[in-house]
Amino acid sequence: MRNTELLNKLDAAIAEKNLLKHPFYQDWQAGKLSREALQLYAAQYYRHVEAFPKHLRVLAARTEGPIRDIILENLAEEENPARPHPKMWREFAEALGVGEDDITCCPALPGTQAVVETFREIVGDRPVAEAVAALYAYEAQVPEIATTKIDGLKKFYGVKSPEGLGYFEVHEEADKAHREAWRNWLMEHAEGSEEEILATTNEALDALWGALDAVHCAPAH
């Protein structure tokens, strides 16, 4: 195991900026969000959800061998014809009363725009190890976040339908496998400057945090 120290540093960075510590998700777990805040989140965060398969596609085009297989497997799941993940997110939004028009016509807040652009630049232009570390930093958090979101939606926000919860139920399980796959690859194959890999990971974590800042700090409508 060549990169144990790198993984320890990545995990420490992820723990420090874990999205479950963000005030928006803290309020979600405590039942303190207004319906409007949840609706804004559903409309805004869709941009990140929709862009994620595109990020994978960009990175797949730049890679070969085992890492490309990992990326394509992840992409196939995102774009599963039976349950494409962006469509499942729109079903969640619909359960909150957010229609397709609300999503497409709602201009992106700067923080939402930034998370999409940051990940796009990382997967398109940075060394592969940095791109994989950024994707790991995101997907490593998703299973636990999905669980707390489901609990909050059921308990406080009246969202109990399979359609309303489906996106999060899939990610509760799927991203455990993705987290493991990214982690194993990084452990065995990550090359390059540890400092640069960590810097890029922190950039990705800050962008994810900023996307929640955007919806948490937005003025109430």
Side-chain angles (χ1 to χ4, degrees), residues 14-15 17-53 77-80 82-116 119 137-179 204-221:
I14 294 164
K17 294 177 181 170
N18 192 297
L19 293 172
L20 285 176
K21 296 179 179 175
H22 192 284
F24 184 79
Y25 282 166
Q26 296 269 303
D27 284 354
W28 185 313
Q29 292 167 68
K32 291 179 180 173
L33 292 177
S34 67
R35 191 86 174 164
E36 290 72 29
L38 269 178
Q39 288 173 331
L40 178 67
Y41 164 79
Q44 286 292 324
Y45 209 73
Y46 176 71
R47 285 164 175 73
H48 175 58
V49 171
E50 185 195 30
F52 193 73
E77 203 165 89
E78 286 281 331
E79 296 184 327
N80 173 357
R83 306 186 80 187
H85 291 189
K87 179 176 184 289
M88 293 175 78
W89 184 274
R90 294 198 302 275
E91 288 170 356
F92 154 66
E94 201 175 308
L96 292 171
V98 178
E100 301 259 347
D101 287 353
D102 299 317
I103 292 175
T104 49
C105 302
C106 165
L109 293 166
T112 320
Q113 194 65 32
V115 77
V116 173
F119 272 84
Y138 169 55
E139 292 203 307
Q141 303 181 59
V142 169
E144 290 72 24
I145 292 172
T147 300
T148 59
K149 282 181 176 169
I150 290 167
D151 292 345
L153 287 169
K154 286 179 175 173
K155 199 186 294 183
F156 302 114
Y157 306 109
V159 176
K160 295 174 182 175
S161 67
E163 293 78 19
L165 301 173
Y167 178 87
F168 304 112
E169 287 173 347
V170 162
H171 285 80
E172 247 185 324
E173 292 310 317
D175 281 9
K176 287 177 186 171
H178 298 165
R179 170 167 65 192
L205 288 165
D206 287 341
L208 289 163
W209 192 272
L212 291 186
D213 280 346
V215 291
H216 198 245
C217 305
H221 296 292

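These values consider heavy atoms only, across backbone and side chains, with no hydrogens, waters or symmetry-generated copies. None of the values given here were measured: they were computed from a predicted structure.
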Between Lys154 and Ile150, is any pair of side-chain heavy atoms under 4.5 Å apart? yes
Val49 vs Arg90 side-chain heavy atoms within contact, under 4.5 Å: no
Which pair of heavy atoms, one from [X] and one from [Y], lies closest together, and at what distance?
X	Y	result
Leu96	Leu38	CD1-O, 3.8 Å
Ala211	Tyr45	CB-CE1, 4.2 Å
Glu50	Pro86	CA-CG, 4.1 Å
Phe52	Glu139	CE2-OE2, 3.5 Å
Tyr157	Asp27	OH-O, 3.5 Å
Ile103	Ala93	CD1-CB, 4.0 Å

Might you work through the side chain to side chain contact (heavy atoms under 4.5 Å, CB included) test for Trp209 and Lys21, ending with a clear yes or no? CA-CA 10 Å; Trp209 192 272; Lys21 296 179 179 175; 4.1 Å; yes
For the atom pair [atom1] ([X]) and [atom2] ([Y]), what is the distance rounded to the nearest 0.5 Å?
X	Y	atom1	atom2	answer
Thr148	Leu20	OG1	CG	4.5 Å
Leu19	Phe24	CG	CZ	11.5 Å
Asp175	Gln141	CG	CD	10.5 Å
Glu163	Glu94	CD	CD	8.5 Å
Gln44	Asp102	CD	CG	11.5 Å
Met88	Glu78	CE	CD	10.5 Å

Short N-O contact, Lys176 and Glu173, less than 4.0 angstrom: yes
Ionic contact status for Arg179 with Glu144, cut-off 4.0 Å: yes
Check the orientation of Tyr167 and His85. Use parallel for under 30°, tilted for 30 to 60°, and perpendicular for over 60°. perpendicular
What do the steps show when you test Phe119 against Leu208 for side chain to side chain contact (heavy atoms under 4.5 Å, CB included), and what is the final call? CA-CA 9 Å; Phe119 272 84; Leu208 289 163; 3.9 Å; yes
Flag this pair as yes if the NZ/CZ of Lys149 is under 6.0 angstrom from the six-membered ring centre of Tyr41 and inside a 45 degree cone about the axis; otherwise no. no
Are more than 12 heavy atoms, taken from residues, nucleotides or ligands other than Lys17, located less than 6.0 Å from that residue's NZ atom? yes
Please indicate whether Arg35 has more than 12 foreign heavy atoms, meaning atoms of other residues, nucleotides or ligands, lying under 6.0 Å from its CZ. yes
Worked check of side chain to side chain contact (heavy atoms under 4.5 Å, CB included) between Leu153 and Trp28: CA-CA 8 Å; Leu153 287 169; Trp28 185 313; 3.7 Å; yes
Does Arg83 reach the main-chain N or O of Glu79 with its side chain, forming a donor-acceptor pair under 3.5 Å? no
